[in-house]
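To start, the structure under review is shown below, and the notes come after it.
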Amino acid sequence: LRDETVILTVGNFIMIHPKVGKTSLIMSLVSEEFPDEVPLRAEEITIPADVTPERVPTHIVDYSGTYTRTSLYDETHMACIAVLMSMPQVTSHWIPLINERTDKDSRLPLILVGNKSDLVEHSSMETILPIMNQYSEIETCVECSAKNLKNISELFYYAQKAVLHPTGPLYSPEDKEMKPSCIKALTRIFKISDLDNDGILNDNELNFFQRTCFNIPLAPQALEDVKNVVRKNMSDGVKDNGLTLKGFLFLHTLFIQRGRHETTWTVLRRFGYDDDLELTQEYLFPLLKIPPDCTTELNHNAYLFLQSVFDKHDKDRDCALSPDELKDLFKVFPYMPWGPDVNNTVCTNEQGWITYQGYLSQWTLTTYLDVQRCLEYLGYLGYSIIQEQESQTAAVTSKRLRGISASTCRRNRPSLEAAVKVAFCRLFLRQKRIREDHMSYYAMSTTYVYGQEKYLLLHEVLPDFEFLSEADLACDVVCLVYDISNPRSFEYCAKVYKKHFLDSKTPCVIIAAKSDLHEARQYYSLSPLDFCRKHKLHPPQMFTCNTDEAPSKDICTKLTTMAMYPHMTQADLKNSTFWLRASVGATVFAVLGFAMYKALLKQR
């Protein structure tokens, strides 16, 4: 099949060796009768897709003995399969000639044909089968007769099947076992299909797998028959009346050994694999059109899916993922996607393990910063398959950032961004110490404002205000942080504000850091408080990381509120009753949300 990347789109195979009836076979296939006159060579023939069982257009090239050695190389290079007639020179000349310019893992598939079966009384299969066993690239053997039209259509069907469902990538005939790449792919498929992560595919999971791959469920008796086959052949293939990974792999080995490669290939392709058993780019990176001035976010169904993934890997039900649990979750990935910096970006528990809230925050952050990476990760987890969607793009929505409805959009968006310093990020995540080599410029967690849960993304911007980019300035609220113990610290904040935010509609907050230290007089014309009054900003907010108690998240609540309501008057911002309503709402809903999640886990 001529297309090198998408075999299903076009077909091409070559029939080799003169004077053995190959041209008669081609003519008999086309006319459905034995030709009275046979040309020396048939012209290249294209069989339309709608008349073939596999629905694939197929090109047939009749090789002539007048071809040069170079032209034969060219033809075999373009072909996806070669049909060889059984004759004395097939092993001494033709197979070595076809193979001499290819390595063992990329050889052209072959079909061996015992032709003119109408002229002999005995079967030629006794001669053909030993050759097939000798050469692993021979996919199958067929006895044919152009005169009696015996197995003509079947020959070309097997040729198509050998290309569309090749044995080579799946199975090693010499070792009589599946190849490692096939085992790896099927293991990922098993883990995705194991919805409760108990290491067994129960009847419900097997039926879902069957419907996903073949669009029809298995009858109860059929399910039992499948498990009985496994039981008869291995002791640990069925456990608690469910199929184990070993049993799952055994079934596919059995399919391949019995010539039902199409069953395994159907499964592999449904889960995104190409002919080299790699996940396709189309599967991992489906086309997602994002309008200008928009941000990307996960929708409700995506969060439900991610919650189910978390739940099935949180074995001890402590609402956090231990290193082993996190490693198990990412076994369906070809690499570990989250490094040590993630633990310093989102909320963790006392052991430093990523919590349920932190887990969802990291996914929200990835979607916001790099939506293509998010689509890739969802692809590894099998989102489109489990959720029965065309692709991972169904998990993502885009929201406008600017324009007439920008303020309304902020209130409706689940994610808001603030530009801050890394020490404040630590306060936000309630972390006291962060290793320098694991430092992250982002921190993300949830806050509540008026009962609405929002993800607040804190982003540290490097302290060089002369080179702040549009991306640095594109946030919902700005935090200008200064050190109260450093007399020259506030001057920098004042210059940044006057240069970038004096005429901006982005709300700003001044943060007075290290409030546990002695406050030095700032070397600036105005004190921080007078500066805020002059520019109608909220008074400086005091905070410190140097405390034994869990730091208050009041500042984070204020940031989120200002981001949601950027046009709120300063009178509202200074109103203590307003902040009390927002903070109380945060406390009640945070406790309620955690309690509800624990209750859900217990029910499950």
Side-chain angles (χ1 to χ4, degrees), residues 164-165 170 178 182-273 277 279 283 300-315 328-329 331-332 378-392 394-395 600-601 603-604:
L164 296 173
H165 313 297
L170 307 181
M178 279 195 295
C182 184
I183 293 174
K184 181 180 177 181
L186 290 174
T187 300
R188 170 181 168 267
I189 291 170
F190 180 90
K191 284 192 65 65
I192 290 173
S193 304
D194 183 12
L195 301 178
D196 57 9
N197 198 34
D198 64 351
I200 299 169
L201 295 185
N202 59 40
D203 286 358
N204 289 334
E205 291 165 341
L206 282 170
N207 254 318
F208 181 80
F209 171 81
Q210 176 75 12
R211 283 189 289 104
T212 297
C213 297
F214 306 102
N215 298 317
I216 52 172
L218 279 173
Q221 186 56 50
L223 275 174
E224 286 304 312
D225 292 342
V226 168
K227 287 182 279 190
N228 286 334
V229 169
V230 177
R231 286 190 186 100
K232 290 178 181 178
N233 288 274
M234 58 192 319
S235 59
D236 52 356
V238 176
K239 180 181 177 183
D240 297 333
N241 202 37
L243 204 61
T244 65
L245 175 60
K246 288 185 177 180
F248 184 74
L249 295 175
F250 167 77
L251 274 180
H252 283 281
T253 303
L254 200 62
F255 291 146
I256 296 167
Q257 290 174 340
R258 293 182 177 180
R260 292 175 56 190
H261 314 81
E262 65 273 15
T263 301
T264 300
W265 275 114
T266 299
V267 170
L268 290 166
R269 286 172 178 147
R270 177 66 183 90
F271 279 78
Y273 289 93
L277 298 186
L279 290 171
Y283 173 79
H300 178 66
N301 288 334
Y303 279 115
L304 289 178
F305 170 78
L306 292 172
Q307 288 168 8
S308 69
V309 173
F310 181 96
D311 188 26
K312 86 177 197 177
H313 290 91
D314 183 19
K315 292 291 190 181
D328 184 47
L329 190 154
K331 277 184 179 179
V332 294
L378 289 173
Y380 292 134
L381 290 174
Y383 175 85
S384 61
I385 295 158
I386 300 302
Q387 296 297 105
E388 302 182 77
Q389 300 288 341
E390 288 188 10
S391 72
Q392 299 88 272
L600 285 173
L601 287 180
Q603 288 176 7
R604 292 173 194 171

Stepwise side-chain contact (heavy atoms from CB on, under 4.5 Å) check, Val226 with Leu206: CA-CA 11 Å; Val226 168; Leu206 282 170; over 6 Å; no
Quick check against the 3.5 Å criterion: does Gln392 have a side-chain atom that pairs as donor or acceptor with the backbone of Tyr383? no
For the residue pair Ile386 and Phe208, what are the closest heavy atoms and their distance? O-CZ, 3.7 Å
Polar side-chain atom of Asn197 near backbone of Lys312 as donor-acceptor pair, under 3.5 Å: yes
So does Gly242 get a backbone contact from the side chain of Asn202, meaning a donor-acceptor N/O pair under 3.5 Å? no
Under 3.5 Å, is there a donor-acceptor pair between the side chain of Arg270 and the main chain of Thr212? yes
Evaluate Gln221 against Asp225 for side-chain contact (heavy atoms from CB on, under 4.5 Å), listing each step before the verdict. CA-CA 6 Å; Gln221 186 56 50; Asp225 292 342; 2.9 Å; yes
Among Thr264, Leu170, Leu249, find the residue that satisfies the side-chain contact (heavy atoms from CB on, under 4.5 Å) test when tested with Met178. Leu249
Taking the six-membered ring for Trp, are the ring centroids of Tyr303 and His300 within less than 6.0 Å of each other? no
Between Glu205 and Leu243, is there a donor-acceptor pair closer than 3.5 Å when you use the side chain of the first and the backbone of the second? no
If we ignore hydrogens and angles and just use 3.5 Å, is the side chain of Lys331 paired with the main-chain N or O of Thr187 as donor and acceptor? no
Does this structure show an ion pair linking Asp198 with Lys239, if we count only N-O contacts that are shorter than 4.0 Å? no
Between the side chain of Thr244 and the main-chain N/O of Asp236, is any donor-acceptor distance below 3.5 Å? yes
Assess whether atom NZ of Lys191 is packed by more than 12 heavy atoms of other residues, nucleotides or ligands within 6.0 Å. yes
